[in-house]
Amino acid sequence: MVQGEADVNAMTSEPQSILLTGGAGFIGSHIAIEVARGGHRPVLYDNLCNSKSSVIDRLAGIIGRPVAFVRGDIRDGDLIRKVLREHRIACVIHLAGLKAVGESVQKPLEYWDNNVVGTLRMLEAMNDCGVHSLVFSSSATVYGEPRQLPITESHPLSATSPYGQTKLAIEHMLRDLSVSDPRWHICLLRYFNPVGAHESGLIGEDPNGIPNNLMPFVLRVAAGQFKELGVWGGDYPTPDGTGVRDYIHVVDLAAGHVAAMRKLDTMRCEAINLGTGRGSSVLEVVKAFEKVNGVKVPFTIRDRRPGDVTSCYADPSVALHRLGWKTQRSLEDMCRDAWRWQQSPAARGN
Ligand code: NAD
Ligand code: WQD
């Protein structure tokens, strides 16, 4: 620590500056709004490898004041140190990372370098600057193949892809760190399936190329960019034969981060699920989307996608008890807000 630098760990109700690594991305941009709504100043740090700088102006429009943005990589420890000091950061919400499961199988070293080495460099910088409060974007992927449902935080951990391995490795690194130094306060938020968009329609998920995930693909089919949705498997042991997931509205997810930040003082290193607790099948998503938006989503049942699990949904009771947080928005809200975003000029790169 630099001489004279106090530990800036404790969250108070005073306005504080919160660093959002990966803040220009899908989830980070929604968290920026909730951080501002909670009375704090979001500072976005992103290398824009999977996002666009135009989101910053749109965020400023929603929040009603300029938003601090630094273009940088989490592997650049010196730049992070500079930002932590100049902005007097009290807490880091660490979202920056690569997240495509299939790509991680093709490019494992890129994923280990970006996600794990990047997190290591960032933690060193935080330590040097006396910032010890961290909320980390983990994932339900750390549970591997579900052994019992709903999934609680004590479910055994495993990974089925290099992407999942990086999340698991980072969780282990953070646990080791918290054991080594009681000044650290860390929350590992394990997200289930974030979808939807801010109700303004100004920000949302904007994947490059052909989307891998269900909701972005449904949106492109509804918009006429693809003829039909391929439903990956119709013979799972679920009520309608299609895979079941816990879809969570991204604005609810974002609010969970502010709730976690408020309780960080009471945590050493704690894992918490962020989900609704309700599983929806692929066909339920398609039907809900068609109903609330009045558009057709043609689909064909195809073979199962390798690596997919049958069902995955959260037990979100720890989030309720520890954070006082639960989801407010329905599957219909997720479909309506996602479609509003898809139809906005911003979603078409304008
Ligand atoms: P996203 O790709 O939209 O956002 C990630 C952001 O991080 C992007 O803006 C990207 O440019 C930035 N980034 C990546 N590597 C960086 C680096 N080295 N330095 C600086 N910036 C970098 O993804 P998202 O959906 O918003 O996900 C955010 C986090 O949540 C990720 O860590 C992801 O693994 C995790 N997560 C996402 C999901 C999901 O389904 N979207 C589920 C569980 C966990
Ligand atoms: C949902 C359901 C598919 C596309 C992935 C990652 C996970 C997490 C979130 C980050 C499944 C079906 C999908 C399509 C379909 N990310 N589907 N046709 O696989 O639960 O999770 O994203 O941590 O790690 O693995 O989400 O949206 O890809 O799939 O039928 O074109 O939709 O088979 O049942 P998944 P998904």
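Just follow the structure's listing: the first ligand is 1, and inside any ligand the first atom is 1. The structure presented is a predicted model; accordingly, all values stated were derived computationally and were not measured. Residue indices begin at 1 and follow the sequence shown.
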* Have a look at Gly23, Ala100, Gly22 and point out the one with the heavy atom closest to atom 7 (O) of ligand 1. => Gly22

* Lys99-ligand 1 polar pair, N/O distance under 3.5 Å -> yes

* Structure fact -> Short version for Asn114: what comes under 4.0 Å of ligand 1, heavy atoms counted, is side chain

* Asked: Does ligand 1 have any atom sitting under 4.0 Å from a heavy atom of Lys167?
  -> yes

* Asked: Under 3.5 Å, is there a donor-acceptor pair between the Ser200 and Arg58 side chains?
  -> no

* Could you tell me the residue and atom name of the protein heavy atom closest to atom 1 (P) of ligand 1, and the distance to it rounded to 0.1 Å? => Asn50 ND2, 3.9 Å

* Would you say the side chains of Thr119 and His94 form a donor-acceptor pair under 3.5 Å? -> yes

* Any N or O on Glu205 sitting closer than 3.5 Å to an N or O of ligand 1? -> no

* Asked: Could an N or O of ligand 1 be found under 3.5 Å from any N or O of Ile27, whether backbone or side chain?
  -> yes

* With only distance considered, is Phe26 within less than 3.5 Å of ligand 1 through an N or O on each side? -> yes

* Close-contact set for ligand 1 against Leu48 heavy atoms, below 4.0 Å -> 11 (O)

* To do: Taking atom types as modelled, find out whether His185 and Ser133 have a side-chain donor-acceptor pair closer than 3.5 angstrom.
  => no

* Which residue and non-hydrogen atom of the protein lie closest to atom 4 (O) of ligand 1, and at what distance in Å? -> Gly25 CA, 3.5 Å

* Residues Glu103 and Tyr111: side-chain donor-acceptor under 3.5 angstrom -> yes

* Does CG belonging to Asp303 count more than 12 external heavy atoms closer than 6.0 Å? -> no

* Could you name the option among Pro194, Ser51, Gly28 that has the heavy atom nearest to atom 38 (C) of ligand 1? => Pro194

* Asked: For ligand 1, which part of Tyr163 has a heavy atom less than 4.0 Å away: the side chain, the backbone, both, or neither?
  -> side chain

* Asked: Is any NZ, NE, NH1 or NH2 atom of the basic residue among Glu34 and Arg37 found under 4.0 Å from an Asp or Glu carboxylate oxygen of the other?
  -> yes

* To do: Heavy-atom distances under 4.0 Å are what count here, so tell me which part of Ala140 touches ligand 1: side chain, backbone, both or neither.
  => neither

* Near Gly72, which atoms of ligand 1 are under 4.0 Å from a heavy atom of that residue? -> 19 (N), 20 (C)

* To do: Report yes or no: do Ser17 and Arg88 form a side-chain donor-acceptor pair below 3.5 Å?
  => no

* To do: Indicate whether the side chain of Thr276 and that of Tyr247 have a donor and an acceptor atom separated by less than 3.5 Å.
  => no

* Take Asn127 and Trp184 through the side chain to side chain contact (heavy atoms under 4.5 Å, CB included) test and state the conclusion after the steps. => CA-CA 9 Å; Asn127 226 354; Trp184 281 97; 3.9 Å; yes

* Asked: Does Glu199 come within less than 4.0 Å of Arg329, counting only side-chain N to carboxylate O?
  -> no

* Asked: Salt bridge or not for Glu270 and Lys263, using N-O below 4.0 Å?
  -> no

* Taking atom NZ of Lys99 and atom CD1 of Ile27, what is their separation to the nearest 0.5 Å? -> 6.0 Å

* Between Thr21 and ligand 1, which residue portion shows a heavy-atom distance shorter than 4.0 Å: side chain, backbone, both, or neither? -> neither

* Asked: Considering only the protein, which heavy-atom contact is closest to atom 5 (C) of ligand 1, and what is its distance?
  -> Gly97 O, 3.9 Å

* Before signing off on this row, confirm whether Asp46 and ligand 1 have an N or O atom pair separated by under 3.5 Å. => yes

* To do: Go through ligand 1 atom by atom and flag the ones less than 4.0 Å from a non-hydrogen atom of Cys49.
  => 10 (C), 11 (O), 13 (N), 14 (C), 15 (N)

* Structure fact -> Under 4.0 Å from one or more heavy atoms of Ser138, ligand 1 contributes atoms 43 (C), 44 (C)

* Asked: With sequence neighbours left out, what residues match Tyr236 under ring pair (Phe, Tyr, Trp, His ring centres under 6.0 Å)?
  -> none

* To do: Sequence neighbours left out, what passes side chain to side chain donor-acceptor pair (under 3.5 Å) with Asn114? Give chain and number order.
  => Arg75

* Any residue meeting side-chain contact (heavy atoms from CB on, under 4.5 Å) with Pro108, in chain and number order, not counting sequence neighbours -> Pro162

* **Contact check: Ala24 vs ligand 1, nitrogen or oxygen atoms, below 3.5 angstrom** => no

* Quick check: does Ser139 get an N/O under 3.5 Å from an N/O on ligand 1? -> no

* Structure fact -> In terms of its nearest heavy atom to atom 19 (N) of ligand 1, the top option of Ile31, Ile74, Leu20, Asp113 is Ile74

* Asked: Is there side-chain contact between Ile33 and Ile203, with heavy atoms separated by less than 4.5 Å?
  -> yes

* Asked: Are any of the N or O atoms of Ala96 closer than 3.5 Å to those of ligand 1?
  -> no

* To do: List, ordered by chain and residue number, the protein residues whose closest non-hydrogen atom lies under 4.0 Å from any atom of ligand 2.
  => Val101, Ser139, Thr141, Tyr163, Asn193, Asn212, Asn213, Leu214, Leu229, Gly230, Val231, Trp232, Gly243, Arg245, Tyr247, Val282, Arg305, Asp308

